[in-house]
S.K.: 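Encoded as structure tokens, here's the structure I'll be asking about.
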Amino acid sequence: MIAASILSANFARFGEDVEEVLSHGCDFLHLDVMDGHFVPNISFGPCVVKGSKDATGGKVYLDAHLMVSEPVKYAGPIVKAGAHSITFHVEAVDDPIAAAREIRKWGCHVGITLRPMTSVETLYPLLDEVEIVLVMSVKPGFSGQKFMPEMLAKVRELKKRVRPNQRIEIDGGVNHETVKAALDAGVDWFVVASAIFDAPNRPEAIASIRHAMK
Ligand code: DX5
Ligand code: ZN
């Protein structure tokens, strides 16, 4: 599945952008919440999550990626605004198992993720707590960065350990050239921002990613 990351959407015509990518083959939306503290960028919070829900009539899965220092604090407002999943960074909390359980109380899917520099082993004790494991293939904070192919080793290790009902997601630098290696490594969900939203022809860009996955 392809998740369109709205970080690269044009917020002046947000509804049209979202409608365009969903009607041309993106499966759901990926929402990058950044607090300017965990990462050196500020993006948006619950009001844009709510806007995403309204723009899609509540019919599209909203996958929230929290790049914030206090994910447990913000999970509730983001779920209430319409997110179906909350993925948090293992580096942001002292006790990731407790954090996952707290977040689950909001009735959402729970995901765990890690910065490129964090070892994949850090995630192993958490795998029983989550539905989603997100591998960052760029440094979190900005769209438009170059894919780090060495992160696929993490995907391969995770693939041996996840259950069939869990999803491996990859985020950062995914485009028609990098998607195939990620697919072969075992990725289920592909987050794409700039390769779609910054393309001169978005339907063609989505089609070329889909084509590369065949
Ligand atoms: C980066 C975000 C990504 C970002 C991906 O911190 O988590 O979701 O939007 O952007 P691209 O696809 O341009 O690398
Ligand atoms: Zn993301």
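Each ligand, and each atom within it, is numbered from 1 in the order the structure gives. Only heavy atoms go into these numbers, but all of them, side chains included; no hydrogens, no water, no symmetry mates.
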S.K.: With 2.8 Å as the limit, jot down which protein N, O or S atoms are around the Zn ion (ligand 2).
M.R.: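 You should have found His30 NE2, Asp32 OD1, His65 ND1, Asp171 OD2.
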
S.K.: Taking 4.0 angstrom as the limit and counting only heavy atoms of Leu7, give me the atoms of ligand 1 inside it, by number and element.
M.R.: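 Listed by number with element: 9 (O).
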
S.K.: Asp63 and His65: side-chain donor and acceptor closer than 3.5 Å?
M.R.: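 Result is no, nothing qualifies.
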
S.K.: Could you list the atoms of ligand 1 found under 4.0 angstrom from a heavy atom of Val192?
M.R.: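 Answer, ordered by atom number: 12 (O).
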
S.K.: Which pairs of donor and acceptor atoms, one on a side chain in residues 182-196, lie under 3.5 Å apart (sequence neighbours left out)?
M.R.:
| residue | atom | partner | partner atom | Å |
| --- | --- | --- | --- | --- |
| Asp184 | OD1 | Lys180 | NZ | 2.9 |
| Asp184 | OD2 | Lys180 | NZ | 3.0 |
| Asp188 | OD2 | Ile168 | N | 2.8 |

S.K.: Can you check whether Gly25's main-chain N or O pairs, donor with acceptor, with Arg210's side chain at less than 3.5 Å?
M.R.: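 Judged by distance alone, yes, a pair lies under 3.5 Å.
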
S.K.: Should the pair Tyr61 and His84 be assigned to parallel (<30°), tilted (30 to 60°) or perpendicular (>60°) ring geometry?
M.R.: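 Tyr61 vs His84 ring planes: parallel.
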
S.K.: When you measure from the side chain of Ser43 to the backbone of Met34, do you find a donor-acceptor pair of N or O atoms at a distance under 3.5 Å?
M.R.: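 Yes, Ser43 side chain to Met34 backbone: donor-acceptor pair under 3.5 Å.
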
S.K.: For Arg104 and Glu129, indicate whether the former's side chain and the latter's backbone hold a donor-acceptor pair under 3.5 Å.
M.R.: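 Judged by distance alone, yes, a pair lies under 3.5 Å.
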
S.K.: Looking only at the side chains, is there a donor atom on one of Asp32 and Ser5 sitting less than 3.5 Å from an acceptor on the other?
M.R.: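 Side chains of Asp32 and Ser5: pair found under 3.5 Å.
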
S.K.: Distance to 0.1 Å, residue and atom name: give those for the protein heavy atom nearest to atom 1 (C) of ligand 1.
M.R.: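 Its nearest protein heavy-atom neighbour is Phe142 O, 3.6 Å.
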
S.K.: I need the atoms of ligand 1 closer than 4.0 Å to a non-hydrogen atom of His65, numbered in the order shown.
M.R.: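 Under 4.0 Å from His65, ligand 1 has these atoms: 7 (O).
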
S.K.: Would you mind running through ligand 1 and noting each atom that sits below 4.0 Å from a heavy atom of Pro140?
M.R.: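 In order of numbering, the contacting atoms are 6 (O).
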
S.K.: If the cut-off is 4.0 Å to any non-hydrogen atom of Gly141, which atoms of ligand 1 fall inside it?
M.R.: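 Near Gly141, meaning under 4.0 Å from one of its heavy atoms, ligand 1 has 1 (C), 6 (O).
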
S.K.: What are the two closest heavy atoms between Ser143 and Leu7, and how far apart are they?
M.R.: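 Scanning both residues, the minimum pair turns out to be N-CD2, 3.9 Å.
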
S.K.: State, yes or no, whether a side-chain contact exists between Ile78 and Leu31 at a heavy-atom distance under 4.5 Å.
M.R.: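 Result no, sub-4.5 Å side-chain heavy-atom pair not found.
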
S.K.: Considering only the protein, which heavy-atom contact is closest to atom 12 (O) of ligand 1, and what is its distance?
M.R.: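 Ranking protein heavy atoms by distance from atom 12 (O) of ligand 1, first comes Ala193 N, 2.8 Å.
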
S.K.: Do the side chain of Glu131 and the main chain of Val110 share a donor and acceptor less than 3.5 angstrom apart?
M.R.: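 Indeed, once roles are kept as given, a pair shorter than 3.5 Å links the two residues.
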
S.K.: Which of the atoms in ligand 1, numbered in the order shown and given with their element, are less than 4.0 Å from a heavy-atom of Asp32?
M.R.: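 Listed by number with element, the hits are 2 (C), 3 (C), 4 (C), 7 (O), 8 (O), 9 (O).
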
S.K.: Give the residue, atom name and distance (to 0.1 Å) of the protein heavy atom nearest atom 13 (O) of ligand 1.
M.R.: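 The closest heavy atom on the protein side is Ser194 OG, 2.5 Å.
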
S.K.: Relative to atom 4 (C) of ligand 1, which among Ile6, Asp171, Thr178 owns the nearest non-hydrogen atom?
M.R.: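 Answer by nearest heavy atom: Asp171.
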
S.K.: Using a 4.0 Å cutoff against the non-hydrogen atoms of Gly172, which atoms of ligand 1 qualify?
M.R.: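 This gives 14 (O) as the contact atoms.
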
S.K.: Heavy-atom pairs closer than 4.0 Å: do any link ligand 1 to the side chain of Ser143, the backbone, both, or neither?
M.R.: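 It is both backbone and side chain that touch ligand 1.
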
S.K.: For atom 14 (O) of ligand 1, what's the nearest protein heavy atom and its distance?
M.R.: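 Of every protein heavy atom, Gly173 N, 2.7 Å lies nearest to atom 14 (O) of ligand 1.
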
S.K.: Check the hydrophobic clustering (I, L, V, M, F, W, Y; side-chain heavy atoms under 4.5 Å; chains of links allowed) and say if Val155 and Val133 are grouped together.
M.R.: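 Per the 4.5 Å side-chain linkage, Val155 and Val133 are co-clustered.
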
S.K.: Under 4.0 Å from a heavy atom of His30: give me the atoms of ligand 1 that qualify, with their elements.
M.R.: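 Listed by number with element, the hits are 8 (O).
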
